[in-house]
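Working notes, structure below.
We use all heavy atoms of the structure for the numbers below, so side chains are in, but hydrogens, waters and symmetry mates are not. Throughout, protein chains are lettered first and strands after them, A, B, ... in sequence-line order, and every chain is numbered starting at 1.
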Number of protein chains: 2
Amino acid sequence: MSPRADAVRNRAKVLSAADEVFVEHGTDASTDQIAKRAGVGIGTVFRHFPTKELLLEAVFAERLRRVGEQARTMATRQAPDEAFRELFGTLVADSGAKQALAEALTEAGVDVRESASPVEDELRAALGELLARAQQAGGIRDDIGIDEVIALLVGASQAIGKTLDVSMRARTLNVFLDGMRPH
Amino acid sequence: MSPRADAVRNRAKVLSAADEVFVEHGTDASTDQIAKRAGVGIGTVFRHFPTKELLLEAVFAERLRRVGEQARTMATRQAPDEAFRELFGTLVADSGAKQALAEALTEAGVDVRESASPVEDELRAALGELLARAQQAGGIRDDIGIDEVIALLVGASQAIGKTLDVSMRARTLNVFLDGMRPH
DNA sequence: CTATTATCGGAGCCGTGACTCCGCTTCAAA
DNA sequence: TTTGAAGCGGAGTCACGGCTCCGATAATAG
């Protein structure tokens with residue numbers, strides 16, 4: 001017996017509402033707000049995600065999934081070096097202002113421990129492949145690995161997140177991109 | 001009529017206790033904890049810092065003051081380029097694990113608005129001078145300014161903050177230092 | 001169409017944490 | 001030393017947020 005249709009719909013509504021609210025008000029936003037935004041009762045939120053932490057995890061997982069997907073897509077469409085740099089820039093630009101992805105990525109970076117979730121594994125795999133190819137093509141220095149790249153993504157998002165001036169963003173981003181070049 | 005001696009002493013105890021507790025448990029730590037750590041009653045904490053936010057600001061200001069001081073000291077003792085790079089590395093290393101300075105610096109960076117506090121002005125001045133000299137000596141690229149440097153400090157602290165492996169830290173830091181080189 | 005049962009909504013419980021209040025203590029001016 | 005008042009401590013107040021509970025609702029099997 002498959003789950004009821006409305007349950008599936010509500011779960012999705014809650015998930016995307018949570019993402020939005022967390023972006024706008026930080027992860028301290030109340031569950032009430034999320035329920036309101038999703039147009040459901042609090043009870044519903046807690047049935048699908050029994051704990052606020054589980055809800056957070058779900059939101060993060062979804063964000064990471066999208067990044068992994070984006071990495072895969074870009075890899076197929078551009079030269080390795082290009083792809084890597086553009087992905088880096090895009091991620092930072094997108095999540096910079098929002099500062100939302102940074103938190104999710106931090107989790108992924110920290111989870112070098114035992115049990116990384118499947119989504120994290122997939123993300124690391126996709127990013128790792130992109131990185132390896134860029135390195136083979138000579139576009140990225142050899143002494144950094146995925147862990148360093150994730151750390152740098154977090155750092156760049158944080159560095160650029162609060163700045164409004166576009167040209168300043170570009171200059172700061174360039175420091176990262178140049179720093180990752182060989183030699 | 002100067003303030004009572006015990007009042008001055010307690011204020012200092014609270015301030016340093018708050019710094020410690022915020023480092024250990026994040027800025028969400030309860031005021032109770034801080035009072036306990038300082039060995040005073042809650043009432044005392046609130047007399048000296050009527051609001052939690054004011055206490056936070058005071059802690060941040062103190063941190064920034066120390067960084068400014070450090071910048072001044074290093075400037076007098078080393079070649080411009082050396083001084084700048086070493087300061088950058090030191091700040092990141094110190095506050096990296098703690099992730100504490102990053103928050104304070106974020107404030108300083110964000111406060112490009114109207115009223116920056118005197119401490120922030122002083123910090124920006126000290127850092128700015130160091131940067132300008134390093135640039136004149138040809139050690140740092142010319143297209144970045146103090147704002148970029150502060151953003152990069154925040155980013156680097158964040159990037160390195162959670163990593164335990166020392167050599168990984170070094171590799172990540174190198175990306176920042178190389179990225180700031182001319183050309 | 002109806003019975004069954006998963007799902008929904010949201011009032012309310014409970015713990016936590018910022019902040020207040022006031023009787024007691026301690027400093028320092030005279 | 002005395003004494004006025006500045007400072008102290010911490011029990012208590014209030015608001016807020018996570019989470020529970022259960023009567024109402026509505027989706028599906030038959």
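The A/Thr31 side chain lies nearest to D/dG18 when the options are C/dG10, D/dG7, D/dG18. Of the candidate nucleotides D/dG10, D/dC19, C/dT7, D/dC19 has the atom lying nearest to any side-chain atom of A/Ile42. Listed candidates were C/dA28, D/dC19, C/dT7. Nearest to the side chain of A/Phe46 is D/dC19. The nucleotide whose nearest atom lies closest to any side-chain atom of A/Thr51 is, among D/dG7, D/dC19, C/dT7, D/dC19. For B/Lys52, the listed nucleotide lying nearest its side chain is C/dA18; candidates were C/dT7, C/dA18, D/dG7. Among D/dT28, D/dC8, D/dC19, the nucleotide with an atom closest to any side-chain atom of B/His48 is D/dC8. Comparing atom distances between the A/Thr44 side chain and each of D/dG7, C/dC8, C/dC19 picks out C/dC8 as nearest. Among the nucleotides D/dG7, D/dT28, C/dA18, the one closest to the side chain of B/Ser30 is C/dA18.
Atom NZ of B/Lys13 sits about 9.5 Å away from atom CG of B/Asp6, to the nearest 0.5 Å. The CZ atom of B/Arg171 lies 11.0 Å from the CG atom of A/Leu152; values are rounded to the nearest 0.5 Å.
In this structure, B/Ala5 and A/Gly43 both approach DNA chain C, and ranking their closest nucleotides by distance from the 5' end singles out A/Gly43. Comparing A/Pro3 and A/Asp32 by the nucleotide of DNA chain D that holds the closest heavy atom to each, the one mapping nearer the 5' end is A/Asp32.
Nucleotide C/dG10 holds its P atom 17 Å from the CD1 atom of A/Ile34, rounded to whole Å. Separating the NE2 atom of B/His25 from the C1' atom of C/dT16 is a distance of 16 Å, rounded to the nearest angstrom. Rounded to an integer number of Å, the gap from CZ of A/Arg9 to P of D/dA26 is 12 Å. For the pair B/Asp28 CG and C/dA18 C1', the computed distance is 12 Å after rounding to whole Å.
Among all heavy-atom pairs drawn from A/Leu131 and A/Ile146, the shortest one is CD2-N, 3.7 Å.
Contact between the side-chain N/O atoms of A/Arg47 and the OP1/OP2 oxygens of C/dC8 is found at a separation under 4.0 Å. The side chain of B/Asn10 contributes an N or O atom lying less than 4.0 Å from OP1 or OP2 of D/dC8.
The aromatic rings of A/Phe176 and B/Phe176 sit perpendicular to each other, their planes meeting at more than 60°, with 30° as the lower class boundary.
Between the side chains of A/Asp32 and A/Ser30, no donor-acceptor pair of N or O atoms lies under 3.5 Å.
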